[in-house]
Structure formats: structure tokens, C-alpha cells
Amino acid sequence: MFGTGLFGLSKSLQAQDEQSMPMRPREARHGNGPATGAFLPMITPDVADLAHELDGGVKVFHLVGEPVKRKIAPFKTIEAWGYNESCPGPTIQVQQGDRVRVVFENRLPESTSLHWHGLEIPIEQDGVPYISQKPVAPGEKYVYEFTVHQEGTFFYHAHSAMQEMMGQIGFFVAHPEKDYKPRVDHDYGLILQEWAVLPSNTVPNTAAMEFNWLTFNGVSAPMTTPLFARLGSRVRLRILNLGMDHHPVHLHGHQFVVTGTEGGRAPESTWCPMNTVLVGVAQARVVEFEAKYPGAWMIHCHLPHHMMNSMMDLLRDRQIQTADQTDVKALSQMESLARSVPFQHVHHAPIAQDAEGVPGFPQDAFMEMGMDEVVEKPETYGLPKNWSAGMMGMMTMIRVLPDKEYDAIVARKKVGSLSRQEEHQHES
Ligand SMILES: [Cu+2]
């Protein structure tokens, strides 16, 4: 994914692989001293963590705002803006009590700033142009520094509306000084974004109100990397939304409780069972659940139009053809499509013989685009054939796996990260 020889990023992706391996990778912390850095890190599928260095007791991060090419589907790359070659930007993880310094560099063609959404920090660190600081001009650097006294799921973003819609956002997670109870075994983060990209275009139209590409962590299903959890484990999922719509995010087969918001941990007395949580704009919702039932369970926005990818690029003619669509026509259309995009078309689901006579036909017929091979990765190992034809838009899955299958995926991930390492050694 980050095939540009950016060793730092691939290293932290590899670190994520390693972190996800043991069931409980943390050592218990003793006493009430300052934060020791021992916490279960959140994993942001398809997005790397931002590494830090220590300057005395200060955690120092380097963040670069810049244009980013982002492949959001196997056949669609957009020209977004982000941070450190990533959109959304890399995930920052700190611990409650940490002193944090972020050295920010602006490589955008226009001025910008960084706002720390939800953090209680001095006004001069708040990142609002003209109000709390001068805008950071192109080519300039700006240093933010503050102490994080909160715990919770926060984020950083440009405090300029159009830049937000170009993708300038990233997670800022503050792990608690003392573990939350109950403890979780897996911690995952998803950033919800939406894009209006006209056919044959690559640059999002940030003024549009209708969106045709919906992403989790910068990719549309089936390119979203499945989450996975050991059967019987406890899972935390942090969902963050920065767009123009509110997204009702639904989990299949399990009930969860909302254990936190963008304001931090919620008291246990407020937890109640649900399986769909509305994540409003600029909100974070943190949910937890016991992964009780084995299977590949969908996690998706339930707005019907957000459960689709735009195929306008590919099926431009379809709109004017719906009146006399036929199986033969649709197939020939899909065949020509299959020649122009790098994946194999799988035969569509059956239709009725008299389908053309039914007003409204077709709706979802002919829409499946199986592309298992193109989106294959360790986390997809063992899924049923043509699984990718069932995944579109703002959608991913959590695979709840018994020990043997769980360990098989972990082993595959390890092999993958080793070969990634070799690749980078060749490059350098
Ligand atoms: Cu939605």
C-alpha cells in the first residue's frame, strides 16, 4: 500500500502486525506513577501509525500536510490532501499525562493549521487561523506543544472546511493512565469520509453535497482490510466521522454498548445494548462487544446510498439503458468493463426470466463486482469465494475466528510483513 520506500510508515505498519498477535500483549502497570507507555495500541486498518521520538520527557511527532494520491478502489485513485503520504493522516497514539510536541510542516499549496479536536489545551495551541495563531504558510513549519490530561478518542484536522473535505484528518488517541474496565483484547479505529468525484475526474469536489464514494480509513469496500478477533475476546471499535453526513454504523450478529464518545469514557450506567450507532459529523463513538459468534460479520454504514460504490466511471451508459436492460446487454456491458479494469468479472446473481417486464427492474441486478484476487491480503484468507461481490462502499467486516483460523491469519500477516521488510531493504 505504501510502496514508495517510506520506511518509517511501513515499519509502523509492521509494528501493528506484531501488536495484533498476542492475545493480551500488555504488561500490567504497577503503582500510580507517570504514564509508562504500556497500553494496548489501537489498530487503524489501512492507515499507519505515526512514530515519535523522545526529547527528554516529551513525545515528538513530525506531521507533514501535503497532497496525497489515494487508491480508494482497485480501479479508482483520487487526488486528496492528507498528512505524511497518507489520507486519512497517520494515527497518533499517546497516553493520558503525556507531554506532546507536534512539529508540523505545510507542503500544501495554501495556508493551513492543525486543530486538536476535543483536547483541552491552551488557546494558543487550538489551531484556528487568525483566532489562536497565524495561518501556517506553504513551506512553513509550526510547532504545537501541550500536555494531554484527558483520555479518549480525539482527532486532528485542518480548521478549514474545504481542506477537511479534501481529507485532512487523522486519529489522535489518548490511552488512559489506568486501564479501562473491562479490558479489551482488540482495539480498532475507523475514520468515515465521503467524496464527490465526477466520472473521469480524480480531484474531489469539496463543494458538492452529493457523494459517490464512501470510505472507511480512505478505502471503499471491498478494499477495506477486514478486522479480525479471536472468538471469545472483547473488542473495542472507535468510529470517527468527518464529512457532510451522519452515518448509522451497524454491526451484524452481535450487540455492543457505547463506552465512549469524542469527550472520553462514558460511565457504565449509560451503557445499553444496541447494534447500530449514529456517528454524527465531528463525533466519535466508541463501542465494545464480546466477539461471541464465529463468522465474517459486516460493519457498515446503513444509509443505503452509502452501501454502494460509484460505478459512474464504469457504467456511464447504464443510466440511459435501464428502460430496456436485458441480461445479454448487461453481460456484454460487464464483459467490456472487465476488460478495462484489472479484475475478473464473476457471473452475476440469477434474474427472473420475465425480469424486463417488471417495472423498476433492474435495481441491484448486475451490480456485483467480484474482485477477490485484486483485494486479497492475509486478512481475507479463507473467506468464501466471491465474497468481495457482497461488499461495497462504507463497509468492512470483523472476522470472529476460533484459535486455529485466527492463528493462521496472524501467521500470514507475519510472512507478509517480512516480505515487505525485504522489499524495503532492496530499495535502500
Ligand atoms: Cu453513511
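What you are looking at is a predicted structure, and each value in this text was computed from that prediction instead of being measured. Ligands are counted one by one from 1 in listed order, and the atoms in each one are counted from 1 as well.
Side-chain atoms of Q95 do not come within 3.5 Å of backbone N or O of H175 as any donor-acceptor pair.
Ion pair E288/R265 flagged as a salt bridge, since at least one NZ, NE, NH1 or NH2 atom sits closer than 4.0 Å to an Asp/Glu carboxylate oxygen. At a threshold of 4.0 Å, the pair E79-R70 does not count as salt-bridged, since none of the basic side-chain nitrogens sits closer than that to a carboxylate oxygen.
For the pair R238 and F171, the NZ or CZ position fails the cation-pi test of under 6.0 Å to the six-membered ring centre and within 45 degrees of the ring normal.
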Can you list the steps and then say if H52 with F61 is a ring pair (Phe, Tyr, Trp, His ring centres under 6.0 Å)? CA-CA 5 Å; H52 69 267; F61 295 89; 5.3 Å; yes
Test side-chain contact (heavy atoms from CB on, under 4.5 Å) on V375 and W387; report intermediate values, then the result. CA-CA 11 Å; V375 295; W387 65 272; 3.7 Å; yes
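Legend: protein N/O/S atoms lying under 2.8 Å from the Cu ion (ligand 1), waters omitted, number 3.
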